[in-house]
Amino acid sequence: MSAASRIVKYEVSDVIRSRWLLGYTGFFLLATEGLLRFGGDPARALVDLTNVVLLVIPLVTIVFGTMYLYSAREFIELLLAQPVGRPQLFAGLYLGLTLPLSGGFVAGVGIPFAARPLNGANGGTLLALLAVGVALTFAFTGLAFVIALRCDDRVKGLGIAIAAWAVMAIVYDALVLVLATMFANYPLERPMLALMVANPIDLGRIVLLLRFDISALMGYTGAVFKQFFGTGSGMAVAAAALLGWIAVPALLGARTFRRKDF
Amino acid sequence: MIEITGLSKRFGRQHVLCGLDVTIRRGRVTAIVGPNAAGKTTLIKMMLGLARPDAGTIRIGGRVVGEDPSYRADIGYMPQIARFPDNLSAAELIAMLSDLRTGGNAPNADLVERFDLGAHLTKPLHTLSGGTRQKVNAVLAFLFQPGLIVLDEPSAGLDPVASSVLKDRILEERGAGRTVVLASHLMTELDELADDIVFLNDGKVGYAGTTHALKLQTAQLSLERAIARMMLRGAA
């Protein structure tokens with residue numbers, strides 16, 4: 001077993017016993033059960049869940065990830081004084097948080113669905129929803145780690161984390177809409193595509209809405225995306241960009257961690 | 001033996017260490033002392049590889065402190081603040097460090113008994129008092145009988161009984177030929193333990209030598225007064 005997987009083992013044991021994770025899993029369990037029970041058919045519940053997932057996962061993950069790294073600061077120093085390399089320790093901390101958070105989400109949404117019969121199409125959509133949720137967990141944990149490692153002031157770091165979430169989850173769409181209106185007379189397809197790729201939450205939304213094939217819900221950017229790539233390749237491009245959003249913050253975090261003075 | 005040559009470190013505009021040259025001898029207890037912001041913690045962190053030097057080198061047992069973490073297999077570290085994962089127990093923490101140090105000395109947790117920690121071993125660490133967590137912190141530092149033990153304010157938060165146990169252990173380690181590096185504000189504690197003193201002031205070595213010679217040099221009977229004299233000289 002590598003040093004990283006040994007660290008993951010203990011970090012996971014710590015996180016899965018935290019009240020945060022229990023609350024997080026419970027929230028998805030209740031939300032999914034409620035939507036399935038009172039919201040009509042599973043297809044409708046999946047559309048409603050999409051909005052919950054796209055809003056809640058980035059917020060909880062970025063806040064929890066930042067706080068997790070700040071509160072582990074002294075323990076990280078103790079681990080760094082052991083014969084363990086920094087890349088292994090970073091991998092251990094990163095996976096030690098992303099795996100339980102992803103597990104909590106998958107269990108919270110998956111269990112109520114597993115208790116009911118699902119047709120093939122809804123089953124596929126559920127899998128896409130779970131995949132996007134897990135991808136966002138990894139992407140926003142990476143961002144949280146970059147913020148917490150680059151900013152030693154805890155209050156400021158938490159402020160930046162919440163601001164980053166607010167920009168990507170709320171302000172961004174409004175900004176895109178304003179730009180689209182302002183430059184309505186210009187060919188906007190390519191700039192719009194670039195703007196979409198620059199926001200992991202938008203990418204997650206596109207993957208899921210292309211899957212639902214509800215163009216009315218896709219908004220301007222989603223419609224452009226579908227028109228430009230078609231459903232199949234559109235999903236592939238969005239998914240690849242989402243993977244980039246996992247890789248870049250994780251690598252940036254690992255680089256910062258390797259060079260940081262503790 | 002620890003050989004430090006030309007060690008410099010800057011944080012922003014502040015020069016924390018300025019071309020430090022000092023040797024810490026094997027098999028002795030060496031105290032790093034000095035006024036606040038003299039660079040004590042930075043020096044300790046650099047020995048452990050937690051901070052990187054801007055210039056200069058640190059050699060521990062002949063090996064240059066750098067990217068390769070394996071030299072730390074022979075180091076035990078007790079940080080000033082004992083904060084651990086909330087939901088793990090002390091027993092799990094001991095198992096974790098044992099897992100990370102495969103191939104070294106087997107863990108020797110006799111301090112658990114001497115600190116009377118047995119009943120607390122399986123409780124989540126967040127339920128333990130600050131003093132009990134500090135005892136766990138000490139257990140971890142001595143666990144693998146390392147050749148070099150680095151202690152940062154070790155008595156902070158310990159009751160007199162636990163503090164005595166810890167001091168006895170430090171002296172036993174020295175008796176076994178191990179090197180102990182200690183940073184502490186408690187001069188009475190250092191007077192009891194330290195063979196050698198490294199006095200830092202403004203990032204430079206103000207004095208490096210035996211405790212006895214420092215007292216002679218400053219014509220003081222206690223270490224506290226000798227250090228105070230050094231600080232006043234430094235300020236003058």
Side-chain angles (χ1 to χ4, degrees), chain A residues 1-23 64 67-93 96-97 100 104 149-154 254-262, chain B residues 9-12 16 41-42 44-54 67-89 91-104 124-126 133 136-137 140-141 143-144 146 148-150 152:
Chain A
M1 207 196 264
S2 71
S5 52
R6 279 178 237 138
I7 296 167
V8 170
K9 187 173 98 182
Y10 291 98
E11 291 294 328
V12 168
S13 323
D14 177 44
V15 176
I16 56 172
R17 292 177 213 164
S18 82
R19 285 186 192 151
W20 263 81
L21 190 73
L22 202 69
F64 190 60
M67 283 170 49
Y68 168 79
L69 216 61
Y70 281 135
S71 64
R73 178 70 185 246
E74 288 83 9
F75 187 57
I76 290 172
E77 291 185 10
L78 181 67
L79 291 180
L80 280 172
Q82 310 303 317
V84 179
R86 289 192 178 204
Q88 287 78 17
L89 180 51
F90 181 82
L93 293 168
L97 183 59
L149 288 169
R150 294 203 161 208
C151 178
D152 283 334
D153 182 336
R154 291 167 192 227
R255 186 165 163 264
T256 310
F257 191 75
R258 201 160 54 80
R259 296 179 175 183
K260 188 175 172 61
D261 285 329
F262 282 89
Chain B
K9 183 70 186 175
R10 218 167 63 168
F11 289 114
V16 182
T41 299
T42 305
I44 284 182
K45 285 187 169 181
M46 285 176 133
M47 285 182 200
L48 298 164
L50 294 177
R52 316 289 170 93
D54 295 332
E67 290 283 327
D68 180 6
S70 61
Y71 79 95
R72 294 196 288 263
D74 200 31
I75 299 179
Y77 173 47
M78 180 175 177
Q80 187 173 352
I81 303 168
R83 278 197 73 175
F84 306 113
D86 281 347
N87 305 298
L88 292 184
S89 66
E92 284 172 307
L93 214 52
I94 290 171
M96 181 181 192
L97 294 197
S98 305
D99 270 1
L100 292 177
R101 284 177 174 254
T102 48
L125 284 155
H126 73 94
R133 279 206 302 273
V136 173
N137 201 10
L140 298 178
L143 194 59
F144 302 95
L148 169 63
I149 300 150
V150 180
D152 195 356

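Residue numbering restarts at 1 for every chain, and letters A, B, ... go by the order of the sequence lines. Fair warning: this is a prediction, and the values are worked out from it, not measured in the lab.
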Could A:Arg17 and B:Glu92 be called an ion pair, given the rule that one side-chain N must be under 4.0 Å from one carboxylate O?
-> yes

Derivation of the side chain to side chain contact (heavy atoms under 4.5 Å, CB included) call for B:Leu93 and A:Phe75 | CA-CA 11 Å; B:Leu93 214 52; A:Phe75 187 57; 3.6 Å; yes

Against chain B, label A:Ala72 side chain, backbone, both or neither, depending on which of its atoms sit under 4.5 Å from a heavy atom there.
-> neither

Residue, of B:Ala95, B:Ser70, B:Pro124, that accumulates the most heavy atom pairs under 4.5 Å with chain A = B:Ala95

Let me know if A:Arg86 has heavy atoms under 4.5 Å from chain B in its side chain, its backbone, both or neither.
-> side chain

Where on B:Leu125 is there a heavy atom nearer than 4.5 Å to chain A: the side chain, the backbone, both, or neither?
-> neither

Which pair of heavy atoms, one from A:Ala3 and one from B:Leu100, lies closest together, and at what distance?
-> O-CD2, 4.0 Å

Do you know the tightest heavy-atom contact between A:Gly85 and B:Pro69?
-> N-CG, 3.6 Å

Bottom line for B:Phe144: the part with an atom under 4.5 Å from chain A's heavy atoms is neither

Applying a strict 4.5 Å limit to non-hydrogen atoms, the region of A:Ile16 in contact with chain B is neither

Please look at A:Glu11 and chain B and tell me whether the side chain, the backbone, both or neither of the residue comes under 4.5 angstrom of a heavy atom of that chain.
-> side chain

Provide the closest heavy-atom pair for B:Leu50 versus A:Ala81 in the form atom of the first, atom of the second, distance.
-> CD2-N, 4.4 Å

Tell me, side chain or backbone of B:Pro85 under 4.5 Å from chain A's heavy atoms, or both, or neither?
-> both

Hey, could you give me the CG/OH distance between B:Asp86 and A:Tyr68, rounded to the nearest 0.5 Å?
-> 11.5 Å

Applying a strict 4.5 Å limit to non-hydrogen atoms, the region of B:Ala82 in contact with chain A is neither

Audit row: A:Ile7, B:Asp99, side chain to side chain contact (heavy atoms under 4.5 Å, CB included) steps and yes/no = CA-CA 9 Å; A:Ile7 296 167; B:Asp99 270 1; over 6 Å; no

Go through the steps to decide whether B:Met96 and A:Leu79 satisfy the test side chain to side chain contact (heavy atoms under 4.5 Å, CB included), and finish with yes or no.
-> CA-CA 10 Å; B:Met96 181 181 192; A:Leu79 291 180; 4.1 Å; yes

Salt bridge (charged side-chain N to carboxylate O under 4.0 Å, His left out) with A:Asp261: of B:Lys9, B:Lys45, B:Arg52, only one passes, and it is B:Lys9

Is there a donor-acceptor contact under 3.5 Å from the side chain of B:Arg72 to the main chain of A:Leu80?
-> yes

